[in-house]
Student: 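What follows is a structure written as structure tokens; I'll ask about it next.
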2 protein chains.
Amino acid sequence: MAEKQVVSSREKILDVGEARFARRGFAGVGLREVAEAAELSKSTLFHHFTSKAALYCCVLHRVLLRLEESLRPALERSGTPLARLEGVLDALIDVLAEHGATSRLLLRAIFEDDDLPEESLPESDALNATLARILSSMEALIRKGVKEGQFRPISAKHTVQTLIGATVYHFASGDFGAQLLGQPLFSAEAVKARREEVKSLVRFGLTMPESAPAGEPS
Amino acid sequence: MAEKQVVSSREKILDVGEARFARRGFAGVGLREVAEAAELSKSTLFHHFTSKAALYCCVLHRVLLRLEESLRPALERSGTPLARLEGVLDALIDVLAEHGATSRLLLRAIFEDDDLPEESLPESDALNATLARILSSMEALIRKGVKEGQFRPISAKHTVQTLIGATVYHFASGDFGAQLLGQPLFSAEAVKARREEVKSLVRFGLTMPESAPAGEPS
DNA sequence: GTCTATACTACGATAGAC
DNA sequence: GTCTATCGTAGTATAGAC
């Protein structure tokens with residue numbers, strides 16, 4: 001383990017693209033800038049990726065796959081829906097906090113539909129499939145909690161949206177969020193505080209008022 | 001009232017800019033495109049605004065002022081913090097649902113810090129001041145609710161972030177959100193459902209578990 | 001697989017006539 | 001206040017040598 005492996009050009013381009021696209025979006029980043037930061041020429045980018053849009057999709061997909069991998073253990077764990085959901089939120093906040101670019105990239109991927117020129121490249125289909133997998137897992141988990149009576153009769157879809165807002169949006173909010181909180185978003189202290197706030201919101205806001213959160217329904 | 005007033009060129013440019021910047025962001029919109037949609041020449045834009053960045057700031061500021069005006073009555077109303085907060089959320093969701101571009105513009109303004117070239121134009125200071133006013137009002141309202149014992153001992157700052165995520169992010173989520181929900185985000189039905197979900201989350205998630213929500217403390 | 005050179009288009013911004 | 005014309009730069013993408 002810990003092989004001394006030189007990073008391939010392709011990976012280097014993806015790394016640079018991830019950072020740059022997160023910061024300035026698809027339209028805001030030039031391939032010149034990416035090439036320089038990756039210490040390659042512009043033409044070399046086109047050898048590895050068929051177009052700028054394809055590069056962007058590959059960057060997004062790599063992020064989504066990493067995210068899926070991080071959430072999988074928490075999603076597949078056994079336990080009550082609440083306990084599992086809290087585990088998912090822990091894992092999600094962990095990965096967002098560790099990779100600063102992830103939240104912005106995800107948010108951009110979500111709401112910059114028509115940033116990409118015209119309709120779907122082949123790369124974007126794989127991306128959407130990965131995203132759909134993650135979301136439907138979360139939705140199923142919440143729906144299960146409602147069905148078993150641990151959660152209030154909330155809408156699973158709306159709750160997913162709320163939780164994305166509470167996590168992905170939060171860590172994507174940059175200078176704005178930091179100024180609002182009065183401390184850097186990614187400081188250990190702020191991350192811990194966010195985790196507590198989100199989880200307590202879930203405990204109080206989603207569960208049935210008089211149910212014991214730890215109870216295992218039949 | 002209801003004067004038959006021809007819209008000034010300046011307003012027309014702002015209208016076009018609002019729609020375009022919301023959809024594609026600062027970097028994604030060209031002034032050529034704006035000029036054509038406003039039925040003016042590119043040069044005319046520079047007569048009304050000193051630069052593209054200045055136009056962008058003016059667009060954002062107009063949106064923020066409209067938002068502030070919409071929230072003011074709800075913020076200044078009397079009543080318990082919970083009742084007032086619910087009123088604010090109603091007003092916020094109303095204005096976001098009515099002007100589709102607003103949520104995306106706000107979200108972009110929040111997390112696209114360094115999209116704008118270098119440091120602050122004069123226009124951007126006024127913008128930030130308006131935003132700070134709105135936020136501190138909301139924060140104060142939540143803090144009051146905690147102090148009076150109607151809300152749990154939550155962090156007012158984090159709660160503001162969560163509520164922004166639950167509203168602004170939601171209505172900015174575009175095709176993604178529509179696909180997740182299974183219906184258009186801005187349909188009357190979906191807007192109503194969102195309002196209910198957010199307000200019930202606030203009622204259950206923010207208030208003290210055994211307090212009567214309608215009680216008037218002190 | 002990486003480079004230099006280049007094609008073509010669009011960009012933001014300015015000059016100056018009307 | 002609006003226009004045409006133009007400047008200089010940077011954009012994505014391709015051709016072809018090595």
Student: Could you check if a side-chain atom of B/His170 sits within less than 4.5 angstrom of a side-chain atom of B/Leu185, using non-hydrogen atoms only?
Tutor: yes

Student: How are the rings of B/Phe26 and B/Phe21 set to each other: parallel, tilted or perpendicular (split at 30° and 60°)?
Tutor: parallel

Student: Salt bridge check, A/Glu69 against A/Arg72: does any charged N sit closer than 4.0 Å to a carboxylate O?
Tutor: yes

Student: With a 4.0 Å cut-off on N to O distance, would you call B/Lys42 and B/Glu36 a salt bridge?
Tutor: no

Student: Under a 3.5 Å distance rule, please check whether B/Arg77 uses its side chain to pair with a backbone N or O of B/Gly87 as donor and acceptor.
Tutor: no

Student: What is the first contacted nucleotide of DNA chain C and what is the last, in 5' to 3' order, if contact means an atom lying under 4.0 angstrom from a heavy atom of chain B?
Tutor: C/dC11 to C/dA15

Student: Between B/Ser41 and B/Thr44, is a side chain to side chain donor-acceptor pair (under 3.5 Å) present by the stated rule, with each step listed?
Tutor: CA-CA 5 Å; B/Ser41 83; B/Thr44 306; 3.2 Å; yes

Student: Does A/Glu86 pair with A/Arg195 as a salt bridge, N-O distance under 4.0 Å?
Tutor: no

Student: Angle class for the B/Phe111/A/Phe111 ring planes (parallel below 30°, perpendicular above 60°, tilted otherwise)?
Tutor: tilted

Student: For the helix from C/dG1-D/dC18 to C/dC18-D/dG1, how many degrees between its two end axes (five pairs per end), to the nearest 10°?
Tutor: 0°

Student: Taking DNA chain D as the partner, which of residues 28-46 of chain B come within under 4.0 angstrom of it by heavy atom?
Tutor: B/Leu40, B/Ser41, B/Ser43, B/Thr44

Student: Identify the residue among A/Arg108, A/Glu123, A/His61 that makes a side chain to side chain contact (heavy atoms under 4.5 Å, CB included) with A/Tyr56.
Tutor: A/Arg108

Student: Between B/Gln161 and A/Ser173, is a side chain to side chain donor-acceptor pair (under 3.5 Å) present by the stated rule, with each step listed?
Tutor: CA-CA 9 Å; B/Gln161 277 281 72; A/Ser173 64; 2.9 Å; yes

